[in-house]
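Here it is, the structure in full.
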Amino acid sequence: MTLAPFGARLHTALETRGRLCVGIDPHASLLTAWGLNDDLAGLETFSRTVVEALAGEVAVLKPQAAFFERFGSRGIAVLERSVVEAREAGALVLMDAKRGDIGSTMAAYAETFLSPDRALFSDALTVSPYLGFGSLQPAVDLARANGCGLFVLALTSNPEGHEVQRAIGADGVSVAQAVLTRLAAENEGVEPLGSFGAVVGATLAEAGADLAVNGPLLAPGVGAQGATAADLPRVFGDSVGNVVPSVSRDILKHGPSVAALRAASLRFVEEIAAAVKE
């Protein structure tokens, strides 16, 4: 079955389920807070519970691959099951793996997450452009062919990000703006929403860049990192209508109760809807 373009599917999911992406981040402190051991069994219980609670409710689930990979092949097997079960329940899965390389290696990363016949096939993937935006071309091509999306790191929420992202090139354009301009070109003329998005932190004092890429803007930093739904219009300006806020710890801390996880996600959906009036 050929998938519709990711941008169109995401637009529908946001309209029907609300504007929210929830991370699946089974790091040790959260496992402990849930009363679980920091081992494979704890990982499996945590992931299964989050998927059960939220995959039928929220628009996007975003597994952080590193927290599964640290358990080796058995952890990756848990990730594979989580992806399949989340997608079966109707959530779009954004694999947060931040892959970035060149040539055949980038092509292999793309195949891992963006080929329908692979066990980790996801609706979208986070990627890093800092070997040059053109290095992402294998992922761009495969995503477009298979109805998937990419979220490209542009203006991230970590304080170190400005060292690279705000750097000014010989043409007088910042690195971040160059990335955003390339994304706008990939999405040109696409309706209702392009499939190639940017990662732009909600914690930024200001974007300081043109965010009109005609694609989704993944906004980490809401919740535990200090940003609130009310900050979104200030940071994203006229592009706030394309923002996809991402929340992890401030929802996951309510587990292992399925009901509490759902209630927390609904609160964020309502807060974001009130702040982002379209």
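The structure displayed is predicted, hence computed values, not measured ones. Values reported hereafter were calculated over all heavy atoms of this structure, with side chains retained and with hydrogens, waters and symmetry mates removed.
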Could you check if a side-chain atom of Val152 sits within less than 4.5 angstrom of a side-chain atom of Leu136, using non-hydrogen atoms only?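 Contact flag for Val152/Leu136 side chains = yes.
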Mind listing the side-chain donor-acceptor pairs of residues 261-274 below 3.5 Å, one per line with the distance, residues two or more places apart or on another chain?
residue : atom : partner : partner atom : Å
Arg262  : NE   : Ala53   : O            : 2.8
Arg262  : NH2  : Glu52   : O            : 3.1
Ser265  : OG   : Arg262  : O            : 2.8

Determine whether His162 and Leu204 make a side-chain contact, defined as any pair of heavy atoms from C-beta on separated by less than 4.5 Å.
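Not touching, per the 4.5 Å side-chain cut-off.
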Discussion item. Minimum heavy-atom separation for Ala275 and Ala229, please, with both atom names.
Written reply: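 Closest pair (atom of Ala275, atom of Ala229, distance): CB-O, 3.2 Å.
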When hydrophobic residues are tied together by side-chain contacts of less than 4.5 Å, even through go-betweens, does Leu31 share a cluster with Leu54?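 In one cluster: yes.
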Exercise. If you link I, L, V, M, F, W and Y whenever their side-chain heavy atoms are under 4.5 Å apart, who else ends up in the same group as Leu131?
Worked result: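 Grouped by the 4.5 Å side-chain rule, Ile102 form the rest of the cluster around Leu131.
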Does the Ser195 side chain pair with the main chain of Gly149, one donor and one acceptor, at a distance under 3.5 Å?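 No, the answer is negative, given that no donor and acceptor are paired below the 3.5 Å cut-off.
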- Item | Glu188 side chain near Asn214 side chain, heavy-atom distance below 4.5 Å |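 With C-beta onward as the side chain, the pair stays apart.
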Can you list the steps and then say if Leu120 with Leu79 is a side-chain contact (heavy atoms from CB on, under 4.5 Å)? CA-CA 8 Å; Leu120 286 170; Leu79 178 59; 3.7 Å; yes
Worksheet entry | Shortest non-hydrogen contact between Val179 and Pro129, atoms and distance |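 Shortest heavy-atom contact: CG2-CG, 3.8 Å.
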Next item on the list: For the pair Val276 and Phe236, evaluate side-chain contact (heavy atoms from CB on, under 4.5 Å) and give the outcome as yes or no after the intermediate values.
Entry: CA-CA 10 Å; Val276 182; Phe236 292 90; over 6 Å; no
Measuring only between side-chain heavy atoms, which start at C-beta, is Tyr109 closer than 4.5 Å to Leu125?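 A side-chain contact is absent here, since even the closest heavy-atom pair is not under 4.5 Å.
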Checklist line | Side chain proximity check, Val213 to Phe196, heavy atoms < 4.5 angstrom | finding: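 Not in contact.
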- prompt: Do Val140 and Leu142 share a hydrophobic cluster (ILVMFWY, side-chain heavy atoms under 4.5 Å, transitive)?
  reply: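 Linked, Val140 and Leu142 end up in one cluster.
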Next on the checklist: Here's a test for you: under side-chain contact (heavy atoms from CB on, under 4.5 Å), which of Ser246, Pro220, Pro245 qualifies with Cys21?
Outcome noted: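 Exactly one option meets the side-chain contact (heavy atoms from CB on, under 4.5 Å) with Cys21, and it is Ser246.
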Tell me the closest heavy-atom pair linking Ala184 and Ala212, and the distance in Å.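 That closest heavy-atom pairing would be CB-O, 4.0 Å.
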Count the heavy atoms belonging to other residues, nucleotides or ligands that lie under 6.0 Å from CZ of Arg166, then report whether that count exceeds 12.
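More than 12 heavy atoms, drawn from other residues, nucleotides or ligands, come within 6.0 Å of this atom.
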For Ser47 and Ser82, work out which heavy atoms get closest and say how close.
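Distance-wise, the nearest heavy atoms are CB-OG, 3.5 Å.
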Could you check whether any side-chain N or O of Gln165 sits under 3.5 Å from a backbone N or O of Thr156, counting only pairs where one atom can act as donor and the other as acceptor?
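Between the backbone of Thr156 and the side chain of Gln165 there is a qualifying donor-acceptor contact (under 3.5 Å).
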Check your understanding: Does one hydrophobic cluster hold both Phe71 and Val78, with members joined at side-chain heavy-atom distances below 4.5 Å?
Key ->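 Result: yes, single cluster for both.
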* Closest heavy-atom pair and its distance - Arg19, Asn242 ->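 For Arg19 and Asn242, the tightest heavy-atom pair comes out as NH1-C, 4.0 Å.
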**Prompt:** Hey, is Asp39 close enough to Arg74 for a salt bridge, meaning N to O under 4.0 Å?
**Reply:**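 No, no charged N to carboxylate O under 4.0 Å.
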Self-check item: Asp238 atom CG: more than 12 heavy-atom contacts under 6.0 Å
Solution: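 Not more than 12 within 6.0 Å, no.
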Problem set entry | Rounded distance (nearest 0.5 Å) linking atom CZ of Arg118 with atom CD of Glu80 |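 Answer rounded to 0.5 Å: 11.5 Å.
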Checklist line | salt bridge (Lys or Arg N to Asp or Glu O under 4.0 Å) involving Arg249 - partner list, sequence neighbours excluded | finding: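 Partners of Arg249 under the salt bridge (Lys or Arg N to Asp or Glu O under 4.0 Å) test: none.
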Which residues, ordered by chain and number, are linked to Val60 in its hydrophobic cluster, where ILVMFWY side chains connect at heavy-atom gaps below 4.5 Å, directly or through other members?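 Answer for Val60: Phe6, Leu10, Leu14, Leu92, Leu94, Tyr130, Phe151, Leu153, Val164, Val175, Leu193, Val199, Leu218, Val244.
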According to salt bridge (Lys or Arg N to Asp or Glu O under 4.0 Å), does anything in residues 59-68 pair up with another residue at least two apart or in another chain? List the pairs.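 Residue pairs with at least one partner in residues 59-68: Lys62-Asp96.
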Contacts of type side chain to side chain donor-acceptor pair (under 3.5 Å), residue Glu57, not counting sequence neighbours
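Not a single residue meets the side chain to side chain donor-acceptor pair (under 3.5 Å) criterion with Glu57.
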### Query
Is there a side-chain contact (heavy atoms from CB on, under 4.5 Å) between Leu20 and Ile251 once you walk through the steps?
CA-CA 11 Å; Leu20 182 64; Ile251 290 176; 4.0 Å; yes
Any sub-3.5 Å donor-acceptor pair from Asn146's side-chain atoms to Leu114's backbone N or O?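 Between the backbone of Leu114 and the side chain of Asn146 there is a qualifying donor-acceptor contact (under 3.5 Å).
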Query - Expected output: side-chain Glu206 to main-chain Gly208 donor-acceptor under 3.5 Å - result: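 It does not hold such a pair.
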Q) Rounded to the nearest 0.5 Å, what separation is found between the CZ atom of Arg99 and the OG1 atom of Thr112? A)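 If I round to the nearest 0.5 Å, the distance is 7.5 Å.
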*Linking I/L/V/M/F/W/Y whenever any side-chain heavy atoms sit under 4.5 Å apart, do Val240 and Leu183 land together?*
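They do share one cluster, since a chain of ILVMFWY contacts under 4.5 Å joins Val240 to Leu183.
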Review point. Is the shortest heavy-atom distance from the side chain of Gln225 to the side chain of Ser157 under 4.5 Å?
Key: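 Yes, close enough: below the 4.5 Å cut-off.
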#### Entry: Hydrophobic cluster membership, Val22 vs Val84, 4.5 Å side-chain cutoff
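Unlinked, Val22 and Val84 end up in two clusters.
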**Prompt:** What is the distance from atom OG of Ser122 to atom CG of Leu61, rounded to the nearest 0.5 Å?
**Reply:**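 With rounding to 0.5 Å, OG (Ser122) is 11.0 Å from CG (Leu61).
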query: Within a strict 4.5 Å, meaning less than it, do heavy atoms of the Val83 and Met95 side chains meet?
result: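 A side-chain contact exists here, since the closest heavy-atom pair is under 4.5 Å.
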Identify whether the distance between the nearest side-chain nitrogen and carboxylate oxygen of Arg144 and Glu186 falls below 4.0 Å.
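Result for this pair is yes, salt bridge flagged.
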Exercise. To the nearest 0.5 Å, how far apart are CH2 in Trp34 and NE2 in His254?
Worked result: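 That separation rounds to 11.5 Å.
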task: Go through the steps for Phe113 and Cys148 under the test side-chain contact (heavy atoms from CB on, under 4.5 Å), then give the verdict.
output: CA-CA 10 Å; Phe113 299 106; Cys148 299; over 6 Å; no
Counting only N and O atoms by type, is there a donor-acceptor contact under 3.5 Å from the side chain of Ser174 to the main-chain atoms of Gln177?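 Checking the backbone N and O of Gln177 against the side chain of Ser174, a donor-acceptor pair under 3.5 Å is found.
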*What distance do Glu44 atom CD and Leu36 atom CG have between them, rounded to the nearest 0.5 Å?*
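CG of Leu36 is found 11.5 Å from CD of Glu44.
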Could you tell me the separation between the CG atom of Leu150 and the OG1 atom of Thr126, rounded to the nearest 0.5 Å?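 One finds 9.5 Å between CG of Leu150 and OG1 of Thr126.
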- Message: Can you give me the closest heavy-atom contact between Ala178 and Val173, atom names plus distance?
- Response: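 The answer is N-CG1, 3.9 Å.
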